[in-house]
Amino acid sequence: MNRRKAEELFFRVLMFLSTTIILLVLCHIIYSILAAGLPHLNWDMVSKVPEGGYYFGKGGGILNAIVGSLYVAVGATSLAFAIGLPLALFMNIHLTKWKKLVNGIRFLMDLLCGIPSIVYGAFGFTLMIFFGLRTSLLAGIITVTVFIVPIMIRAIDEVLMTIPRGLFESALSLGSTKSEISYRVFFKQSIAGIITAMLLSFGRAIGDAASVLLTTGYTDYIPTSLNQPTATLPLAIFFQLSSPILEVRQRAYASAVILIAIILFISLLARILTYSYKKNKINY
Amino acid sequence: MGPSGCGKTTLMRCMNRLTDLNTQTKVTGNIFIGDRDILNTHDDINEIRKMMGLLAQRPYPLPMNIFNNVAYGLRISGRKKKRFLEKRVEHYLRQVNLWEEVKDRLRDPAAALSIGQQQRLCLARGLAVDPRIILADEPTSALDPISSQLIEEKFAELKTSYTIVMVTHILRQARRIADHVVFMYMGEVIEQGPAEEFFQNPQMEMTKSYLKGLFY
Amino acid sequence: MKFRAFEISRKLRNSIHTGWMIACLSVVLLIPLFLTAGLAIKSFPLLHQHPLLSLIFSSNWKPLSGEFGFYPFIVSSVWVTIFALLISIPICLLTSIHLTQYAKKWVLKIMQPVIDILAGIPSVIYGVWGILVVIPFISNHIAPMLGKSSSGYSILAGAIVLSIMVIPFVLNILIELFNNIPVELSEASLSLGATRWQTIKYVVLKKGLPGIISSFGLGMSRAFGETIAVLMVVGNVAKVPTGILQPGYPLPALIANNYGEMMSIPQYDAALMLSAFILFVVVLFFNAGSRILIIRSGKHN
C-alpha cells in the first residue's frame, strides 16, 4: 500500500516539475532575448534602412526587413484567405453529402501542414527558376501562401465544423442558396474564429525563415514592386547574428526583440478575439 | 426515481465520491453507510469506492481483454495468483450469465462484445471486487429490450445478497424491481417509502401526478 | 418581372461563388501533386546517374568533383531528431497527464497560453536563444562535466533547441487526446477501488496508446524538417558525427546553407532537391502513418 502511494507521489512530483520546466523555459527564452536585445534597441532600428557600413557597425536600422516581412505576410495571408475561406466553406456546406471526400481533403491538408517549410522553399525555388523569375517579393509571397494555405484551411475548417447542422438546415428551409448560406450565415456566425485563424496564419507567415530564405532574397532597400528582392525579419536576425562584429550581433538581438514583440502582439490579439468570441457566441 | 435532470445521477455520484473529481463541485452534508459517514472521513477513498460497484448508463469496458476487465479490480487490490484469478473471473462471469457466451474468447478485447454483453461484463467487473452496494445509473437505458430484461432479472436475483441503488426514470422498471422508492424532483426528495406503499398510496400531490404520467 | 431578374441574379451569384470554390479546391489539391512532381523531376538527374542507395550510404560529399554522399547529413538528422524526442517525450507525457488529470483549473488557464505562445515563437528566435544560452551552457558546463571540450555547436545543442520547439506541438495533441478519453472510463476504474495513478497507468495510458504513439510520430516529422533554429546551433560540419558533443549537419541545414551556389556547380541543384525530396518523403511517411493510426484507433471504438 505504501509503495503504491510512494509511486504516485513520485510521478506527481515529476509531472509538476516538467510542467514547471515548460513554464520556466518560456520565461527564460523571453527574458534572455529581452536582456540581450533591449539595451540595443533604439528608434533608428525601426525607422531607418541600413546605411553605408551598417554591417560593420555603422548607422541605420532594419526598417527594410520589418516592412518586407509585413509585405510578405500580409500578401500571403490575403492570398491564402482568398483561397482558404471559400474552400473551407465549400467543404462544410456544399460537400456535406460527401463525407468521405471531405475527410480525405482534411487528411491531405493535415499532411500538407506537416511538411517542413524548407521543402516548400525548395519547391518555390524550382518553380521560380522554371518561370524564369529572380528571387523577389512575388516569389516569396507565392511560396509562403502555398505554405500557409493548408494551415489556414484547417483552422477555418475547425471553426466551421462547430456550427450546428440545424443552422444550415433552417437557412436552407428559408430558401437560401448555398453560397448565401456560406457568406451570409456561416461566415458571419464564425467571423471571430476566422479572424483568429487568419492571425495564426499571419504569425506563421511572418515568423518562418526557411521558405523565404530561398525565394525572397535579401536587400537593404524597401521594395517598390513585386519583382524586387525583399528583406525579411527572420533572415535579418539570422544574417546579422552570423556576423563577426559584436555591434551587428547586438542588433540581431534587438531585431529578435522586435520579432518577438510582433508575435506576442498577434497572439494576444487572437486570445482577446477568442475570448470575446466565446462570450458573444450564440450557444445552441 | 424522478424526471430527467432532477439530480438522481448527482446524488449517486456523491455516494461514490466521484464528485471529488470535479473541483468545482462542493458536497456538504452526510452520507451514512451503516453508521459510517463516508463524506466526512479521512479513510482511504479507494476503500470507500470499492465498497460500491458502479454500473453506468452506457457500458464502459476498460481498454483490455474480457478476462482482464473482470480481473482488473482484483489485480488492483493485490491478488495476482493466476489460478485464483481464473476461478474468480469464471465465477463472476457465470453469475451474470456471460460465461457460456465468452468462455472461448476471454482474450478478445472487451470492445468486441455487443453492448448488452458489455453491460453484463461491467456488472461482473463490479461484482468482482466484492462490494456491499451496487450503484446503477439507468443501467438499461442504452440497451435493447432483451438485454434490459436480462439485467433486470439479474438485479432481482442479486438484491437478495447486495444492496442495490438504482436510478431510473422508467416507472414500470421501478415497479418491477424496487423494494424501496425515493422520488426526486428538481434536486429534492419529494417522497420516499417502501415500494408497495409508495405505488399504492402516494402521499404527495406531485407524486400522484407523476405516477399518473402527467409529467416526466 | 423584377422579381424574376432578382432570382436570376441570385442563381448567377450562386454559380459564380460555387465555381470559385471549386477552382480553389482544384488549385489546393494540385499543390501536393506539383510538389511531388517538381521535387522528383528536379532530383532525377542525380538519381539517373547514381543509384539511390549508394547516394544514401556514401559519406563522400565533394560537390565540385560530382560526389554526393548523403550519409553524414542523414545520420545528423536522425541523431538530432532522436535526441530531441528523447528529451521532449517524457516532459510532454508527464505534463499532459498533469494538466488533464490532476491540475486545477487555474493551472490550465496559465499553461494553455504558455503552450500556445511557445508554439507561436518563430524558429529563428529559438535559434537566437540557443546561441545565447544553450551553446555557452554546453561548452562551459556539460562538455567539461563529461571530460571533453566542445565549442557548444553540436548535435546536443540542436537536440535541446529542437526538443523545446517540439514540446508545444506534441503537448497540444496529447492534451486533446487525454481530454477525449471518456471520464466514465476512469470512473469505472476508480469505482473498482483503483487509485488515481493506477487508473492513469492501466486505463488512461492504455486507452490513449495509439494516440500517444502517433503524437510522437507527428513530433518526429516536425523535428526532422526543422531548419533555421537547428542550423544556427548544430555546427554544420559535413562529417559523420560520432558523439553528441560533435557538430552535425542535418538535411534541412544542407539545403538552407547551399542553395546560393546550387546553380553554379553541375548537379548541385539536383543534389539539394534530392535532399528536399528525401525530407519530403520521410516526413510524409511518418505523418501519414501517425494520422492513419489515430483514425484507425478512433474507428475501433
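Every heavy atom of this structure was used, including side-chain atoms; hydrogens, water molecules and symmetry mates were not. Predicted model only: the values in this text are computed from it and were never measured. A, B, ... follow the sequence lines: proteins, then strands. Residue 1 opens every chain.
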Aromatic ring pairing C:Trp129/A:His28, orientation class (parallel under 30°, perpendicular over 60°, tilted between): perpendicular
Sub-4.5 Å side-chain heavy-atom contact between C:Leu171 and A:Ile22: yes
Heavy-atom proximity to chain C below 4.5 Å, by part of A:Phe130: neither
A:Leu111 vs C:Pro32 side-chain heavy atoms within contact, under 4.5 Å: no
A:Tyr120 side chain near C:Leu35 side chain, heavy-atom distance below 4.5 Å: yes
Residue, of C:Arg10, C:Met111, C:Arg196, that accumulates the most heavy atom pairs under 4.5 Å with chain A: C:Arg10
Closest contact, heavy atoms only, C:Met273 versus A:Ala122: CE-O, 3.5 Å
Student check: side-chain heavy atoms of C:Met21 and A:Ser182 closer than 4.5 Å: yes
A:Ala82 to C:Cys24 - nearest heavy-atom pair and separation: O-SG, 3.9 Å
Side chain to side chain, A:Leu241 and C:Met232, heavy atoms closer than 4.5 Å: yes
Closest non-hydrogen atom pair, A:Met15 against C:Leu94: CG-O, 3.4 Å
Any side-chain heavy-atom pair of C:Pro122 and A:Pro234 under 4.5 Å: no
Chain A interface, residue from C:Val128, C:Val283, C:Leu231, C:Leu132 that has the most non-hydrogen pairs under 4.5 Å: C:Leu132
Contact class of A:Met91 relative to chain C, heavy atoms under 4.5 angstrom: neither
Residue C:Tyr126 versus chain A: region with a heavy atom under 4.5 Å: side chain
Side chain to side chain, C:Ile292 and A:Phe107, heavy atoms closer than 4.5 Å: yes
Steps toward side-chain contact (heavy atoms from CB on, under 4.5 Å) verdict (A:Ile105, C:Leu25): CA-CA 9 Å; A:Ile105 298 175; C:Leu25 179 64; 3.6 Å; yes
Interchain contact, A:Ile153 with chain C, by part (heavy-atom threshold 4.5 Å): side chain
Leading residue by heavy atom contact count with chain A [cutoff under 4.5 Å; candidates C:Gln198, C:Glu226, C:Arg222]: C:Gln198
Heavy-atom contact with chain A under 4.5 Å, split by part of C:Leu218: neither
Proximity breakdown for C:Lys201 and chain A, heavy-atom pairs closer than 4.5 Å: side chain
Close side-chain approach of C:Pro113 and A:Arg271, heavy atoms under 4.5 Å: yes
Structural part of C:Gln101 lying under 4.5 Å from a heavy atom of chain A: neither
Residue A:Phe16 excluded, over 12 heavy atoms near CZ under 6.0 Å: no
Region of A:Ile206 in contact with chain C, defined by heavy-atom distances below 4.5 Å: neither
Portion of A:Leu264 that has a non-hydrogen atom of chain C nearer than 4.5 angstrom: side chain
Region of A:Ala36 that comes under 4.5 Å of a non-hydrogen atom in chain C: side chain
Chain C contact via A:Ile129 - which portion, at a heavy-atom distance below 4.5 Å: side chain
Best-contacting candidate, C:Leu272, C:Ile125, C:Ile91, C:Ile200, against chain A by heavy atom pairs under 4.5 angstrom: C:Ile125
Closest-packed option against chain C by number of heavy-atom pairs under 4.5 Å, given A:Ala88, A:Ala209, A:Ser242, A:Ser117: A:Ala209
Partner of C:Ile164 under side-chain contact (heavy atoms from CB on, under 4.5 Å), chosen from A:Ile29, A:Leu26, A:Ile21: A:Ile29
Atom CD of C:Glu176 with >12 non-hydrogen neighbours under 6.0 angstrom: no
Side chain / backbone / both / neither for C:Leu93 at chain A, heavy atoms under 4.5 Å: neither
Under 4.5 Å from a heavy atom of chain C, the part of A:Thr20 involved: neither
C:Ile117 versus A:Ser267, closest heavy-atom pair with distance: CG1-OG, 3.8 Å
Interchain contact, A:Leu213 with chain C, by part (heavy-atom threshold 4.5 Å): both
Heavy-atom contact with chain C under 4.5 Å, split by part of A:Asp208: neither
Which atoms of C:Asn14 approach chain A - backbone, side chain, both or neither, heavy atom under 4.5 Å: both
Residues of residues 37-46 of chain C with any heavy atom under 4.5 Å of a heavy atom in chain A: C:Leu39, C:Lys42
Shortest non-hydrogen contact from A:Asp110 toward C:Arg291: CB-NE, 3.3 Å
Residue part contacting chain C, namely of A:Leu14, when any heavy atom lies under 4.5 Å: both
C:Phe280 vs A:Phe123, side-chain contact (heavy atoms from CB on, under 4.5 Å): CA-CA, chis, key distance, verdict: CA-CA 11 Å; C:Phe280 176 72; A:Phe123 173 65; over 6 Å; no
